[in-house]
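Taking it in order: structure first as structure tokens, then the write-up.
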Amino acid sequence: MKVWIDQDLCSADGLCSDTCPAVFAMGDDGVAHVLLPDGTLGDGREDMALVAPERERDVLDAKADCPADCIFVED
Ligand code: SF4
């Protein structure tokens, strides 16, 4: 499973980074990003993060709870 965030829609509440800090982080721009393997923050669909199997439930919970509906998962 891969995950990405549409930063243009993010409401910056930080729920996803609270739910799954191993996958999501708030950027200096104030909105959420996925964490990439090199430790940088991904931007949009061009920077999808591969989700470890043990993180999938947390990522799906974060997606379900995202008030802006801007977390996307793909196979
Ligand atoms: S839960 Fe959604 S709206 Fe909130 S910070 Fe994360 S991506 Fe943005």
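Order of appearance sets the numbers: ligands from 1, and atoms from 1 within every ligand.
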request  = Please assess Val23 against Val3 for the test side-chain contact (heavy atoms from CB on, under 4.5 Å), listing each intermediate value before the final yes or no.
outcome  = CA-CA 9 Å; Val23 175; Val3 62; 3.8 Å; yes
message = Please determine whether residues Phe24 and Leu60 belong to a single hydrophobic cluster, defined as Ile, Leu, Val, Met, Phe, Trp and Tyr linked transitively by side-chain heavy-atom distances below 4.5 Å.
response = yes
inquiry  = Is it the case that atom CG in Asp69 sees more than 12 heavy atoms from other parts of the structure closer than 6.0 Å?
reply    = no
request  = Using the ring pair (Phe, Tyr, Trp, His ring centres under 6.0 Å) rule, collect all pairs that involve residues 51-75, keeping only residues at least two apart or in two chains.
outcome  = Trp4-Phe72
request  = Identify, with sequence neighbours excluded, every residue that meets salt bridge (Lys or Arg N to Asp or Glu O under 4.0 Å) alongside Asp6.
outcome  = none
request  = Please list all pairs passing the salt bridge (charged side-chain N to carboxylate O under 4.0 Å, His left out) test where one or both residues lie in residues 32-51, with sequence neighbours left out.
outcome  = Arg45-Glu74
ask   = Protein N/O/S atoms under 2.8 Å from atom 8 (Fe) of ligand 1: how many?
value = 1
